[in-house]
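Worksheet: the structure to be examined is printed underneath.
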Amino acid sequence: MSKHPEWRDEQQRVDFVVSEIEIREKTLKAKLGNIKGDVIEIRKNFWDDVTVNLDNAEEAAETFASIKQQAELMSERERSHRHDVRQLKNLHKLKNSPYFGRIDFVESGESQTESIYIGTASFVDQEGIDFYVYDWRAPISSLYYDYGPGQGSYATPSGLISGEITLKKQFIIRNGEIKHLFHTGITIGDELLQEVLGNASDSQMKSIVATIQKEQNQIIRNEKGRLLIVQGVAGSGKTSAALQRIAYLLYRYRDTLLADEIVLFSPNPLFNSYISTVLPELGEENMQQTTFQDYLEHRLGEKWTLEDPFSQMEYVLTSKEDPAYAARIESIKVKSSLEWIVYLDQFISSLEQEGLMFNDITFRGRILFQKETIYQYFYELDADISIPNRMNMLVERLLREVREFELKEKYEEWVEQEVELLDSETLLKVHQKVEKEKQKDSDDFYEFDREQELLQSLVIKRKLKIVRKTIENYSFLDVKAIYLKLFQTKTNEVFNNVLWPEICFMTIDQIQQGHFLYEDATPYLYLKGKLEGFHVNTTIKHVFIDEAQDYSPFQFAFIKNMFPRAKWSVLGDFNQSIYVHSKRSSFTALESLFEPQNIQKNTLTQSYRSTRQIIDFAKHILDAEIDPFNRSGDKPTIIKAKNEQDLNQLLLNRINDISKKHKTIAVICKTARESELLYKQIQNKVDVRLITKNSTGYESGIVIIPSYLAKGVEFDAVIVFNVSETIYNQNSEPKLLYTVCTRAMHSLDLLYRDKLSPLLTSVKRETYHFQG
């Protein structure tokens, strides 16, 4: 095949492009050395090249202009250096694999055919005219993803361009050598996907721009509306599409959009580590990455102990015997709903007339403002003014009165005593200030009196600083007491729930102890924001939410308040809604927050992660609509153990067999408690690592991980530990088991003892092997 003329011609072109890249690399390296030298020289001689003269206003203005000019010169050189470094990195990647696709395109009305080669970055000739390689995000590159040979069109800022694709090829190029070459009549050929998907998993997600499918490309390039919802089955490439979409937006709007203006909410810190290299691989900086829990900790973590979603999940899975369990489940459902927002809003409206609660503001052990006085001040203000605006007016009044108090208080005896305790450095600074004043003032200047006055003012200002901070931060508003008022009525007309009294008792008890349950944290911050004014971020232009099925309707509404100007890209899978607060209606609730004409929806039903055999098995757990990609492998195996000791030994045997073929192996337990116990039992028998909610990354190898932390990540092989009837037996848990099974790319085993989980009774016998 390598002697075939077509293959030879294509290899000659690869050789030519690689040689041009090497020439450009040498030029860039020389240029970079010069620019770096310039920057160092400018920094070293910065003040030598600046004329400093502050004798009068005119000279000072000239000095400022001189400094500004020198700073701009240095900034321009540094910008140029960063641009060239980025370009050099792109060239280094292109040298290994210059491109992965080719289309020949004849534009309508033209006779000349243009050969378009597509790679991870653009590469143009020295004159900037001929493209040796087009960036995959360029408008014309969408032809490669959306069409086979035949009629095609692509959108440009100036309009739609139509024509005919006369040829379409795909390449796998490694170290400048063509390893595979495919002609294809479909979007992305099965051969290329088989090559990519058949590779081993890694501890970090890889860029897959060569294998973007048509339906994924539509998601990546979608620029309509303010809300894009992607419902995608497990392994359909949702996360990959989200990251490629970020890369596309940064390319498309490179003059007006920065990586820092995009925020991605991911499910856990482990996931952040997993995806951290994708954008840098594409030559882009990473966007801001966070978890919703990180945000809650940032806002509340200093004063409160916060439960996280994983601790909540652990409680749900392990504490069914707790007498308060039923009330807790209802509490989660109630406080996660949009109805709870409506109820809160009604409650907040009632506070416009009366009912706000305040704390006394104290100073040196005495009350400076009684809470009753503050209450009176607030409700004297016009009720037509919003509560946050009235709060601002209240703050201004309190600060004015603090200033008046300061002017009187500074002559008190305690201030005199504090002056005497001031350090010598402070005394000297005040003395020097008075000396300067004396030079400008008349002869009847009393130096000692002036120094005393300044020192008294300094002392009282310092002492009142905490009072001012209390007022400016609204710390005098008793938000905790106001929130608890919601739970002080034994009946609730909106939530006519027999467990309401138990919900109230549990909530009050937890918060009185300084502990916020996960379902209370967001409503509390919502109430706080409605009273004080929301902490909004108007600089964020795009919000991405991955694993969006994990979010409650209430959380969606809250995030929308946080980023009022942002466009949203939301990706999730109904079938993986494993939390009590997450349900199919969460997406419906999210849609209700946007105008219908501003909503775009995409559905991905094809799964690429797992082999056809694994998907055929997993989809019957839920009767899910999921189309497996035609990549074959072994059927999953269900293995029965005689007892607990035998269960552990079977696990060790499977790990030993699988590790000969696969790089990343996950032993997935249902809970953190079960994971920790298993780890203690086998850690001395096999090289294994325990993944917890605090893990921020993982290396290739064998890991033990709780079910709910495995979401969003993939492994070569998965062993589901102990799918016995006693472990997986709840009607609410099929989605959890489905989620766990679909983490596997190539190999899936399920171990159990005694009786098999009833959740697997719907799985067809022909889809798996049975041992035991």
Side-chain angles (χ1 to χ4, degrees), residues 137 203-209 212 216 219-223 225-232 236-254 257-299 308-309 522 535-552 555-556 558-573 576 582 586-587 590 600 602 604 695-697 709 711-714:
R137 297 164 290 186
S203 59
Q204 290 182 312
M205 179 180 278
K206 301 300 181 191
S207 162
I208 56 157
V209 292
I212 292 169
Q216 293 167 336
I219 292 164
I220 290 164
R221 295 173 189 260
N222 190 316
E223 296 181 50
R226 287 198 61 205
L227 171 64
L228 172 64
I229 295 178
V230 179
Q231 157 57 30
S236 57
K238 297 183 297 295
T239 300
S240 296
L243 294 169
Q244 317 296 351
R245 176 168 169 77
I246 291 169
Y248 171 76
L249 290 169
L250 289 170
Y251 173 88
R252 172 80 171 81
Y253 300 101
R254 52 192 175 277
L257 180 65
L258 301 172
D260 279 348
E261 294 170 332
I262 302 173
V263 64
L264 168 67
F265 283 94
S266 54
N268 53 54
L270 179 69
F271 186 83
N272 285 349
S273 166
Y274 180 59
I275 65 171
S276 62
T277 59
V278 174
L279 286 174
E281 266 189 26
L282 296 170
E284 299 291 354
E285 292 179 24
N286 264 322
M287 67 276 128
Q288 294 190 56
Q289 269 179 266
T290 188
T291 64
F292 191 65
Q293 182 66 20
D294 283 342
Y295 174 78
L296 296 178
E297 290 283 354
H298 168 68
R299 291 293 309 279
D308 57 55
T522 310
H535 284 228
V536 298
N537 186 330
T538 55
T539 62
I540 295 296
K541 295 177 180 176
H542 288 271
V543 169
F544 282 75
I545 300 181
D546 202 3
E547 300 292 336
Q549 74 281 348
D550 294 349
Y551 289 74
S552 71
Q555 288 170 337
F556 281 139
F558 184 79
I559 294 171
K560 189 166 187 293
N561 272 306
M562 284 166 57
F563 305 105
R565 295 185 182 174
K567 292 185 175 182
W568 283 42
S569 300
V570 173
L571 308 98
D573 179 10
Q576 296 181 63
S582 63
S586 291
F587 285 79
L590 173 60
Q600 297 282 304
N602 288 75
L604 301 174
S695 300
T696 55
L709 288 183
K711 284 166 59 63
V713 191
E714 60 188 28

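The basis for the numbers below is simple: all heavy atoms, side chains too, and nothing from hydrogens, waters or symmetry mates.
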Start with the C-alpha distance between His535 and His298, add both sets of side-chain angles, then the distance that settles side chain to side chain contact (heavy atoms under 4.5 Å, CB included), and finish with yes or no.
CA-CA 12 Å; His535 284 228; His298 168 68; over 6 Å; no
Residues that Arg137 engages under salt bridge (Lys or Arg N to Asp or Glu O under 4.0 Å), provided they are two or more places apart:
Asp135, Glu284
When rounded to the nearest 0.5 angstrom, what distance separates NZ in Lys541 from CD in Glu261?
4.0 Å
Nearest 0.5 angstrom please: Leu571 CG to Ser236 OG, how far?
9.0 Å
Side chain to side chain contact (heavy atoms under 4.5 Å, CB included) between Gln244 and Gln216: does it pass, once the steps are laid out?
CA-CA 9 Å; Gln244 317 296 351; Gln216 293 167 336; over 6 Å; no
If only atom types and distance count, is the side chain of Arg254 paired as donor or acceptor with the main-chain N or O of Tyr251 below 3.5 Å?
yes
If we count only N and O atoms by modelled type, under 3.5 Å, do the side chains of Gln231 and Asp573 hold a donor and an acceptor together?
yes
To the nearest 0.5 Å, what is the distance between CZ (Phe292) and CD1 (Ile545)?
9.0 Å
Separation of Asn602 CG from Asn222 CG (nearest 0.5 Å)
6.0 Å
Do you know the tightest heavy-atom contact between Arg226 and Arg565?
NH2-C, 3.8 Å
Whether over 12 other heavy atoms sit under 6.0 Å from Glu285 CD:
no
Taking all non-hydrogen atoms of both residues, which atom of Thr290 and which atom of Val263 are closest, and how far apart?
CG2-CG2, 4.0 Å
Classify the ring geometry between Tyr551 and Phe556 as parallel (under 30°), tilted (30 to 60°) or perpendicular (over 60°).
parallel
Looking only at heavy atoms, which two atoms of Leu257 and Leu249 are closest? And how far apart?
CD2-O, 3.7 Å
Step by step, would you call Val543 with Met562 a side chain to side chain contact (heavy atoms under 4.5 Å, CB included)?
CA-CA 10 Å; Val543 169; Met562 284 166 57; over 6 Å; no
Rounding to 0.5 Å, atoms NZ (Lys567) and CD (Glu223) come to a distance of 7.0 Å
Looking at every non-hydrogen atom in both residues, tell me the closest pair between Ala241 and Ile220 and how far apart they are.
O-CG1, 3.6 Å
Might you work through the side chain to side chain contact (heavy atoms under 4.5 Å, CB included) test for Met287 and Leu250, ending with a clear yes or no?
CA-CA 10 Å; Met287 67 276 128; Leu250 289 170; over 6 Å; no
Work out which heavy atom in Asn561 is nearest to a heavy atom in Pro564; give both atom names and the distance.
O-CD, 3.7 Å
Quick check: closest heavy atoms across Ile219 and Arg245, and the distance to 0.1 Å?
O-NH1, 3.0 Å
Quick one: list whatever passes salt bridge (Lys or Arg N to Asp or Glu O under 4.0 Å) with Glu297, sequence neighbours left out.
none
Separation between OG1 (Thr291) and CG (Leu264), nearest 0.5 Å, reads 10.5 Å
